[in-house]
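Heads up: the structure comes next, in C-alpha coordinates.
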Amino acid sequence: MSAVKVPKVLLNDGTYMPSIGLGTWGSDWGVTFGQRERGAIEQAVKDAIDLGYLHIDTALVYDTEKEVGSAINSKIQDGVVKREDLYIVSKLWNTFHRPDLVRGALLQSLKNLNTPYLDLYLVHWPLAHKEDQGLFPVDDQGNTSYSFVDFVDTWKEMEKLVDDGYVKSIGISNFSKAQTERLLSSARIKPVTNQVECHAYLTQTKLSDYLRSKGITITAYAPLGSPARPWLESVEPVLLEEPTILQIAAKYNKTPAQIALRYQIERGHIAIPKSSNKVRLSENISIFDFNLNEDELVELNKLNKDKRYFLNDVNASHPDYPFNDEY
(Lines give C-alpha, C1' and ligand atoms only; values in the text may rest on other atoms or scores of the structure.)
Protein backbone atom coordinates (compact mmCIF):
# COMPACT_ATOMS: atom_id res chain seq x y z
CA MET A 1 0.00 0.00 0.00
CA SER A 2 1.36 3.42 -0.92
CA ALA A 3 1.30 6.15 1.71
CA VAL A 4 -1.61 8.58 1.54
CA LYS A 5 -0.72 12.27 1.36
CA VAL A 6 -2.86 13.83 4.09
CA PRO A 7 -3.86 17.50 3.71
CA LYS A 8 -2.85 19.81 6.54
CA VAL A 9 -4.81 22.46 8.41
CA LEU A 10 -3.26 25.87 8.99
CA LEU A 11 -3.40 26.74 12.69
CA ASN A 12 -3.59 30.19 14.22
CA ASP A 13 0.12 30.25 15.11
CA GLY A 14 1.21 29.61 11.52
CA THR A 15 1.97 25.91 11.95
CA TYR A 16 0.26 23.11 10.05
CA MET A 17 -1.47 20.04 11.51
CA PRO A 18 -2.35 16.93 9.46
CA SER A 19 -6.13 16.68 9.22
CA ILE A 20 -6.17 12.97 10.10
CA GLY A 21 -4.21 11.48 12.98
CA LEU A 22 -3.99 8.22 14.88
CA GLY A 23 -5.51 8.18 18.36
CA THR A 24 -3.82 5.87 20.88
CA TRP A 25 -6.17 5.86 23.86
CA GLY A 26 -6.44 2.38 25.42
CA SER A 27 -10.08 1.53 24.73
CA ASP A 28 -9.39 0.55 21.14
CA TRP A 29 -7.07 -2.18 22.33
CA GLY A 30 -9.96 -3.86 24.12
CA VAL A 31 -8.55 -3.55 27.61
CA THR A 32 -8.12 -1.03 30.38
CA PHE A 33 -5.06 1.02 31.19
CA GLY A 34 -1.92 -1.00 31.84
CA GLN A 35 -3.50 -4.39 31.12
CA ARG A 36 -3.21 -4.65 27.34
CA GLU A 37 -0.74 -6.77 25.47
CA ARG A 38 2.41 -4.70 25.13
CA GLY A 39 3.54 -4.07 21.60
CA ALA A 40 0.08 -3.79 20.04
CA ILE A 41 0.15 0.00 19.99
CA GLU A 42 3.75 0.11 18.83
CA GLN A 43 2.90 -2.06 15.82
CA ALA A 44 -0.23 -0.02 15.08
CA VAL A 45 1.81 3.21 15.05
CA LYS A 46 4.40 1.63 12.74
CA ASP A 47 1.67 0.44 10.37
CA ALA A 48 0.02 3.85 10.52
CA ILE A 49 3.21 5.69 9.58
CA ASP A 50 3.74 3.32 6.65
CA LEU A 51 0.22 4.18 5.45
CA GLY A 52 0.78 7.93 5.64
CA TYR A 53 -0.27 8.91 9.15
CA LEU A 54 2.14 11.59 10.32
CA HIS A 55 -0.05 12.92 13.16
CA ILE A 56 0.05 10.69 16.26
CA ASP A 57 -2.01 11.59 19.33
CA THR A 58 -1.12 10.28 22.78
CA ALA A 59 -1.14 11.41 26.43
CA LEU A 60 0.75 10.66 29.62
CA VAL A 61 -2.35 9.14 31.20
CA TYR A 62 -2.93 6.75 28.26
CA ASP A 63 0.24 4.84 29.21
CA THR A 64 1.08 4.61 25.50
CA GLU A 65 3.83 7.21 25.15
CA LYS A 66 6.74 4.77 25.40
CA GLU A 67 5.27 2.51 22.71
CA VAL A 68 4.54 5.47 20.49
CA GLY A 69 8.08 6.71 21.01
CA SER A 70 9.57 3.34 20.17
CA ALA A 71 7.52 3.15 16.98
CA ILE A 72 8.30 6.64 15.71
CA ASN A 73 12.00 6.31 16.42
CA SER A 74 12.10 2.95 14.68
CA LYS A 75 10.58 4.53 11.57
CA ILE A 76 13.00 7.46 11.80
CA GLN A 77 15.97 5.10 12.07
CA ASP A 78 14.67 3.10 9.10
CA GLY A 79 14.54 6.27 7.02
CA VAL A 80 10.77 6.05 6.48
CA VAL A 81 10.20 9.50 7.99
CA LYS A 82 12.15 12.31 9.59
CA ARG A 83 11.20 13.75 12.95
CA GLU A 84 10.24 17.03 11.29
CA ASP A 85 7.75 15.14 9.08
CA LEU A 86 5.84 13.90 12.11
CA TYR A 87 3.26 15.74 14.20
CA ILE A 88 3.35 14.38 17.75
CA VAL A 89 0.73 15.39 20.31
CA SER A 90 0.58 14.68 24.03
CA LYS A 91 -1.35 16.09 26.97
CA LEU A 92 -0.87 17.48 30.46
CA TRP A 93 -2.77 15.31 32.95
CA ASN A 94 -5.02 16.68 35.68
CA THR A 95 -2.61 15.98 38.54
CA PHE A 96 0.05 18.30 37.05
CA HIS A 97 -1.92 21.55 36.72
CA ARG A 98 -0.06 23.22 39.56
CA PRO A 99 2.35 25.62 37.85
CA ASP A 100 5.49 24.14 39.41
CA LEU A 101 4.56 20.68 38.05
CA VAL A 102 3.78 21.54 34.43
CA ARG A 103 7.31 21.48 33.05
CA GLY A 104 8.21 18.26 34.82
CA ALA A 105 5.17 16.52 33.35
CA LEU A 106 6.12 17.67 29.86
CA LEU A 107 9.71 16.53 30.31
CA GLN A 108 8.46 13.09 31.38
CA SER A 109 6.39 12.86 28.20
CA LEU A 110 9.40 13.88 26.11
CA LYS A 111 11.48 11.20 27.81
CA ASN A 112 8.78 8.57 27.27
CA LEU A 113 8.46 9.51 23.60
CA ASN A 114 12.23 9.86 23.17
CA THR A 115 11.80 13.10 21.28
CA PRO A 116 13.38 16.53 21.90
CA TYR A 117 10.11 18.42 21.38
CA LEU A 118 6.37 18.06 20.88
CA ASP A 119 4.49 19.57 17.98
CA LEU A 120 1.46 20.13 20.21
CA TYR A 121 0.86 19.91 23.96
CA LEU A 122 -2.69 20.08 25.30
CA VAL A 123 -4.23 20.71 28.70
CA HIS A 124 -6.12 17.40 28.87
CA TRP A 125 -9.03 18.67 30.97
CA PRO A 126 -9.84 22.10 32.45
CA LEU A 127 -10.13 20.59 35.93
CA ALA A 128 -7.33 19.64 38.32
CA HIS A 129 -6.85 16.62 40.57
CA LYS A 130 -4.94 16.33 43.83
CA GLU A 131 -1.21 16.43 43.29
CA ASP A 132 1.46 13.95 44.42
CA GLN A 133 -0.93 11.00 44.88
CA GLY A 134 -0.54 9.20 41.57
CA LEU A 135 -2.51 9.74 38.37
CA PHE A 136 -5.89 8.79 39.86
CA PRO A 137 -6.02 10.17 43.42
CA VAL A 138 -9.00 9.26 45.60
CA ASP A 139 -10.17 10.25 49.06
CA ASP A 140 -11.12 7.98 51.97
CA GLN A 141 -14.54 7.36 50.42
CA GLY A 142 -13.05 6.34 47.08
CA ASN A 143 -14.07 9.56 45.31
CA THR A 144 -11.71 11.45 43.04
CA SER A 145 -9.61 13.92 45.02
CA TYR A 146 -9.85 17.38 43.53
CA SER A 147 -7.37 20.17 43.33
CA PHE A 148 -8.51 23.70 42.57
CA VAL A 149 -5.64 25.11 40.56
CA ASP A 150 -6.87 27.78 38.14
CA PHE A 151 -6.36 26.59 34.56
CA VAL A 152 -5.40 30.16 33.66
CA ASP A 153 -2.32 29.76 35.88
CA THR A 154 -1.61 26.39 34.30
CA TRP A 155 -1.80 27.99 30.85
CA LYS A 156 0.85 30.57 31.74
CA GLU A 157 3.28 27.70 32.33
CA MET A 158 2.22 26.07 29.05
CA GLU A 159 3.16 29.31 27.27
CA LYS A 160 6.64 29.15 28.78
CA LEU A 161 7.10 25.69 27.22
CA VAL A 162 6.64 27.32 23.80
CA ASP A 163 9.04 30.12 24.71
CA ASP A 164 11.72 27.61 25.67
CA GLY A 165 11.32 25.43 22.57
CA TYR A 166 9.97 22.32 24.26
CA VAL A 167 6.71 22.47 22.30
CA LYS A 168 5.80 24.18 19.04
CA SER A 169 2.11 24.74 19.76
CA ILE A 170 -0.21 24.52 22.73
CA GLY A 171 -3.90 23.84 22.97
CA ILE A 172 -6.75 22.66 25.15
CA SER A 173 -9.01 19.64 25.39
CA ASN A 174 -12.55 19.25 26.73
CA PHE A 175 -12.93 22.99 27.40
CA SER A 176 -16.37 24.57 27.20
CA LYS A 177 -17.06 27.86 25.41
CA ALA A 178 -17.09 29.78 28.69
CA GLN A 179 -13.79 28.23 29.78
CA THR A 180 -12.20 28.96 26.42
CA GLU A 181 -13.44 32.55 26.59
CA ARG A 182 -11.97 32.97 30.04
CA LEU A 183 -8.64 31.55 28.93
CA LEU A 184 -8.52 33.82 25.88
CA SER A 185 -9.12 36.88 28.04
CA SER A 186 -5.68 36.51 29.60
CA ALA A 187 -3.72 34.24 27.25
CA ARG A 188 -0.54 35.54 25.66
CA ILE A 189 -0.49 32.56 23.28
CA LYS A 190 -3.85 31.52 21.89
CA PRO A 191 -4.66 27.77 21.92
CA VAL A 192 -4.48 26.37 18.39
CA THR A 193 -7.08 23.67 18.96
CA ASN A 194 -9.69 22.37 21.37
CA GLN A 195 -9.73 18.58 21.26
CA VAL A 196 -13.27 17.46 22.05
CA GLU A 197 -15.58 14.53 21.51
CA CYS A 198 -17.28 15.12 18.18
CA HIS A 199 -19.28 12.85 15.86
CA ALA A 200 -22.66 12.87 14.13
CA TYR A 201 -24.43 12.04 17.42
CA LEU A 202 -22.59 14.97 19.07
CA THR A 203 -22.08 17.50 16.31
CA GLN A 204 -20.78 20.29 18.58
CA THR A 205 -22.17 22.82 16.10
CA LYS A 206 -22.32 25.76 18.52
CA LEU A 207 -18.88 25.09 19.94
CA SER A 208 -17.44 24.60 16.46
CA ASP A 209 -18.90 27.91 15.26
CA TYR A 210 -17.63 29.72 18.34
CA LEU A 211 -14.12 28.30 18.09
CA ARG A 212 -13.96 29.08 14.37
CA SER A 213 -14.82 32.71 15.18
CA LYS A 214 -11.75 32.74 17.46
CA GLY A 215 -9.45 31.02 14.96
CA ILE A 216 -9.32 27.82 17.02
CA THR A 217 -9.66 24.45 15.27
CA ILE A 218 -11.60 21.50 16.66
CA THR A 219 -9.78 18.19 16.90
CA ALA A 220 -12.47 15.52 17.01
CA TYR A 221 -11.87 12.54 19.25
CA ALA A 222 -14.21 9.55 19.05
CA PRO A 223 -15.19 10.64 15.50
CA LEU A 224 -16.58 7.14 14.84
CA GLY A 225 -18.75 7.16 17.96
CA SER A 226 -16.19 5.16 19.97
CA PRO A 227 -17.60 1.71 19.06
CA ALA A 228 -14.91 -0.06 21.11
CA ARG A 229 -15.48 1.82 24.37
CA PRO A 230 -15.50 -0.55 27.37
CA TRP A 231 -18.82 0.82 28.71
CA LEU A 232 -20.74 0.25 25.48
CA GLU A 233 -24.35 -0.71 26.20
CA SER A 234 -26.15 -2.99 23.77
CA VAL A 235 -29.28 -0.81 23.79
CA GLU A 236 -27.43 2.26 22.55
CA PRO A 237 -27.68 3.24 18.88
CA VAL A 238 -24.51 2.59 16.89
CA LEU A 239 -23.35 5.54 14.83
CA LEU A 240 -21.83 3.46 12.04
CA GLU A 241 -25.11 1.57 11.61
CA GLU A 242 -27.18 4.71 11.05
CA PRO A 243 -29.23 4.40 7.83
CA THR A 244 -28.22 7.88 6.69
CA ILE A 245 -24.54 7.02 6.99
CA LEU A 246 -25.05 3.64 5.33
CA GLN A 247 -26.87 5.24 2.40
CA ILE A 248 -24.16 7.83 1.83
CA ALA A 249 -21.47 5.15 2.16
CA ALA A 250 -23.17 3.04 -0.52
CA LYS A 251 -23.43 6.03 -2.85
CA TYR A 252 -19.69 6.69 -2.72
CA ASN A 253 -18.63 3.05 -2.35
CA LYS A 254 -17.04 3.92 0.98
CA THR A 255 -17.26 2.45 4.48
CA PRO A 256 -19.49 4.06 7.13
CA ALA A 257 -16.33 4.98 9.02
CA GLN A 258 -15.00 6.82 5.99
CA ILE A 259 -18.22 8.83 5.78
CA ALA A 260 -18.04 9.67 9.49
CA LEU A 261 -14.46 10.86 9.09
CA ARG A 262 -15.08 12.79 5.87
CA TYR A 263 -17.90 14.55 7.74
CA GLN A 264 -15.31 15.99 10.13
CA ILE A 265 -12.97 17.05 7.32
CA GLU A 266 -15.77 18.83 5.45
CA ARG A 267 -16.46 20.84 8.60
CA GLY A 268 -12.84 21.99 8.86
CA HIS A 269 -12.15 19.73 11.83
CA ILE A 270 -9.19 17.46 12.44
CA ALA A 271 -10.03 13.83 13.27
CA ILE A 272 -8.10 11.26 15.29
CA PRO A 273 -9.72 7.82 14.85
CA LYS A 274 -8.21 4.77 16.52
CA SER A 275 -7.54 1.30 15.20
CA SER A 276 -4.94 -1.44 15.47
CA ASN A 277 -6.23 -3.21 12.34
CA LYS A 278 -4.11 -2.39 9.29
CA VAL A 279 -7.03 -2.68 6.87
CA ARG A 280 -9.12 -0.24 8.92
CA LEU A 281 -6.13 2.04 9.36
CA SER A 282 -5.85 2.16 5.58
CA GLU A 283 -9.57 2.78 5.13
CA ASN A 284 -9.63 5.55 7.73
CA ILE A 285 -6.93 7.55 5.97
CA SER A 286 -8.34 6.98 2.48
CA ILE A 287 -10.92 9.76 2.59
CA PHE A 288 -9.40 12.43 0.38
CA ASP A 289 -10.67 11.22 -3.00
CA PHE A 290 -14.29 12.32 -2.55
CA ASN A 291 -16.42 15.07 -1.04
CA LEU A 292 -19.78 15.20 0.69
CA ASN A 293 -22.25 17.69 -0.73
CA GLU A 294 -24.15 20.29 1.26
CA ASP A 295 -27.35 18.25 1.40
CA GLU A 296 -25.49 15.27 2.81
CA LEU A 297 -23.87 17.42 5.48
CA VAL A 298 -27.30 18.72 6.44
CA GLU A 299 -28.61 15.16 6.77
CA LEU A 300 -25.61 14.14 8.88
CA ASN A 301 -26.10 17.17 11.12
CA LYS A 302 -29.68 16.03 11.71
CA LEU A 303 -28.35 12.87 13.41
CA ASN A 304 -27.27 14.96 16.40
CA LYS A 305 -28.53 13.59 19.72
CA ASP A 306 -26.20 15.62 21.95
CA LYS A 307 -24.94 12.16 22.90
CA ARG A 308 -21.73 12.39 24.88
CA TYR A 309 -19.93 9.09 25.53
CA PHE A 310 -17.04 10.58 27.49
CA LEU A 311 -18.87 12.27 30.34
CA ASN A 312 -16.07 11.90 32.90
CA ASP A 313 -18.84 12.33 35.45
CA VAL A 314 -16.64 11.32 38.42
CA ASN A 315 -15.68 14.99 38.22
CA ALA A 316 -19.22 16.36 37.89
CA SER A 317 -19.02 18.27 41.19
CA HIS A 318 -15.72 19.93 40.34
CA PRO A 319 -16.20 23.68 39.73
CA ASP A 320 -14.28 23.37 36.46
CA TYR A 321 -16.28 20.41 35.14
CA PRO A 322 -16.90 21.49 31.54
CA PHE A 323 -20.12 19.69 30.69
CA ASN A 324 -22.33 21.68 33.01
CA ASP A 325 -22.13 24.47 30.43
CA GLU A 326 -24.47 24.48 27.42
CA TYR A 327 -21.50 23.90 25.11
- prompt: Going by side-chain heavy atoms closer than 4.5 Å, which hydrophobic residues are tied to Y117, directly or by a chain of links?
  reply: none

- request: Examine distances only and state if a side-chain atom of E296 and a backbone atom of N293 form a donor-acceptor pair shorter than 3.5 Å.
  value: yes

- request: Report the distance from atom OG of S147 to atom CG of L101, rounding to the nearest 0.5 Å.
  value: 9.0 Å

Residue pair H129, T144: steps toward the side chain to side chain donor-acceptor pair (under 3.5 Å) verdict: CA-CA 8 Å; H129 289 166; T144 299; 5.2 Å; no

message: Would K177 pass as a cation-pi partner of Y210, given that its NZ or CZ must be under 6.0 Å from the six-membered ring centre and within 45 degrees of the axis?
response: yes

- prompt: Do F310 and W25 have ring centroids that are under 6.0 Å from one another?
  reply: yes

Residues which pass salt bridge (charged side-chain N to carboxylate O under 4.0 Å, His left out) with D78, listed by chain and number, not counting sequence neighbours: none

- request: Give a yes or no on whether F290 atom CZ has more than 12 heavy-atom contacts from other residues, nucleotides or ligands under 6.0 Å away.
  value: yes

message: Strictly below 4.0 Å, N to O, side chains only: are D57 and K274 in salt-bridge contact?
response: no

query: Between the side chain of N73 and the main-chain N/O of G69, is any donor-acceptor distance below 3.5 Å?
result: yes

- prompt: So, does Y121 use its side chain to make a donor-acceptor pair with the main chain of Y166 at under 3.5 Å?
  reply: no

D13 and T15: side chain donor to acceptor below 3.5 Å: yes

query: For E65, does its backbone N or O pair with a side-chain atom of N112 as donor and acceptor, under 3.5 Å?
result: no

message: Can you tell me if K190 has over 12 outside heavy atoms packed within less than 6.0 Å of its NZ?
response: yes

query: So does D289 pair up with K254, basic N to acidic O under 4.0 Å?
result: yes

NZ/NE/NH1/NH2 to OD/OE distance under 4.0 Å, K206 and D306: no

query: Residues in salt bridge (charged side-chain N to carboxylate O under 4.0 Å, His left out) with E266, at least two apart?
result: R262

- request: Check the pair Y252 / Q258 against side-chain contact (heavy atoms from CB on, under 4.5 Å), numbers first and verdict last.
  value: CA-CA 10 Å; Y252 291 104; Q258 287 172 318; over 6 Å; no

query: Would you say M17 and L122 are hydrophobically clustered, going by side-chain heavy atoms of ILVMFWY under 4.5 Å?
result: yes

message: Let me confirm one number: the OG1-CG distance from T95 to L60, rounded to the nearest 0.5 Å.
response: 7.5 Å

query: Can you check side-chain contact (heavy atoms from CB on, under 4.5 Å) on L127 and Y321, steps first, answer last?
result: CA-CA 6 Å; L127 49 87; Y321 181 68; 4.2 Å; yes

query: Using a distance-only test with no angle check, is there a side-chain donor-acceptor pair under 3.5 angstrom linking D119 and H55?
result: no

Carboxylate-amine/guanidinium contact K302 E299, below 4.0 Å: yes

- prompt: Hey, is the main chain of R188 close enough, under 3.5 Å, to the side chain of E159 for a donor-acceptor pair?
  reply: yes

query: Should the pair R182 and F151 be classed as cation-pi, given the thresholds of under 6.0 Å to the six-membered ring centre and 45° from the axis?
result: yes

field: Between OG1 on residue T64 and NZ on residue K66, distance to nearest 0.5 Å
entry: 12.0 Å

task: Would you confirm whether E197, through its side chain, and Y309, through its main-chain N or O, come within 3.5 Å as a donor-acceptor pair?
output: yes

- request: Using modelled atom types only, decide if a donor and an acceptor are shared between the side chain of T219 and the backbone of Q195 within a distance under 3.5 Å.
  value: no

